[in-house]
Amino acid sequence: QNLEKSMISKLIETAMEQLKFSYTLNSNFKVGASLLTKNGQIYTGCNIENAAYTPTNCAEELQFQAVSEGVREFDTICIVGGKDGILTEYTAPCGVCRQVMMEFCDPETFRIILAIDKEHYDIYTLKDLLPLGFGLRNLINSREI
Ligand code: THU
């Protein structure tokens with residue numbers, strides 16, 4: 001399925017808008033994300049750090065927000081990030097966030113847009129970024145269940 005250019009721009013713009021909410025007293029590395037669900041909603045997120053370091057939340061954890069509202073079918077996520085909120089290169093999702101995507105998305109079709117601005121972006125599938133990922137399918141196919 002093709003993603004319209006206007007939707008790509010909207011997702012990038014929305015992810016960039018989240019940078020202002022990013023709370024990063026530790027790293028000052030700001031990340032914004034937007035998530036298009038299959039029913040056409042757009043969820044938003046930013047990273048949130050903590051004085052105790054460990055409780056840091058990645059921007060992509062916005063996926064949990066969608067799930068907590070009963071929305072589990074995801075189409076595309078867009079991620080932007082950079083030191084001091086200045087976008088100069090692509091910010092790819094960390095391993096943990098890729099694994100969370102693996103739970104709710106079809107790795108063959110779920111798209112991940114990494115962007116610097118509306119003119120500079122790359123689109124990957126989850127399978128591109130998490131080849132041979134472990135997921136629910138492994139549990140269902142295992143003889144233990
Ligand atoms: N971060 C994200 O929000 N998403 C990623 O995929 C990579 C890392 C955040 C976590 C932390 O607040 C900061 O970037 C530096 O690691």
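Each ligand, and each atom within it, is numbered from 1 in the order the structure gives. Nothing here was measured: the structure is a model prediction, and the numbers come from that model. Values reported hereafter were calculated over all heavy atoms of this structure, with side chains retained and with hydrogens, waters and symmetry mates removed.
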request  = Using non-hydrogen atoms of the residue, decide whether Ala33 is closer than 4.0 angstrom to ligand 1.
outcome  = no

ask   = In the protein, which heavy atom is nearest to atom 10 (C) of ligand 1, and how far is it?
value = Thr56 CG2, 3.9 Å

ask   = Which of the atoms of ligand 1 are close to Ala92, meaning less than 4.0 Å from one of its heavy atoms?
value = 6 (O)

Nearest heavy-atom neighbours spanning Tyr43 and Glu69 = OH-OE1, 3.0 Å

Protein contact for atom 16 (O) of ligand 1 (heavy atom, distance under 4.0 Å) = no

key: atom 9 (C) of ligand 1: nearest protein contact (heavy atom, Å)   = Asn47 ND2, 3.4 Å

ask   = Linking I/L/V/M/F/W/Y whenever any side-chain heavy atoms sit under 4.5 Å apart, do Tyr23 and Val31 land together?
value = no

query = Between Lys30 and Asp84, is there a salt bridge with N-O shorter than 4.0 Å?
reply = no

query = Numbering the atoms of ligand 1 from 1, which are under 4.0 Å from a heavy atom of Pro93?
reply = 6 (O)

message = Would Ala59 count as being in polar contact with ligand 1, using the rule that some N or O on each side must be under 3.5 angstrom apart?
response = yes

query = Taking atom 4 (N) of ligand 1 as the point of reference, which of Glu49, Lys30, Glu60 owns the nearest heavy atom?
reply = Glu60

Enclosure of Glu89 CD (heavy-atom neighbours >12, cutoff 6.0 Å) = no

inquiry  = Return the closest protein heavy atom for atom 8 (C) of ligand 1 as residue, atom name and distance.
reply    = Cys58 SG, 4.1 Å

task = Could you tell me whether Val31 and ligand 1 have an N or O pair separated by under 3.5 Å?
result = no

message = Test of understanding: clusters of I, L, V, M, F, W, Y form through side-chain heavy atoms closer than 4.5 Å, transitively. Do Leu3 and Phe74 belong to the same one?
response = yes

key: Reported OG-to-CG distance for the pair Ser22 and Asn57, which is rounded to 0.5 angstrom   = 11.5 Å

inquiry  = Treating Glu49 as the side-chain partner and Ser27 as the backbone partner, does any N or O pair qualify as donor plus acceptor under 3.5 Å?
reply    = yes

request  = Please answer: with hydrophobic residues joined when any side-chain heavy atoms are less than 4.5 Å apart, are Phe29 and Leu87 in the same cluster?
outcome  = yes

inquiry  = Please classify the Cys97 to ligand 1 contact at 4.0 Å (heavy-atom distances, strictly less than): side chain, backbone, both or neither.
reply    = neither

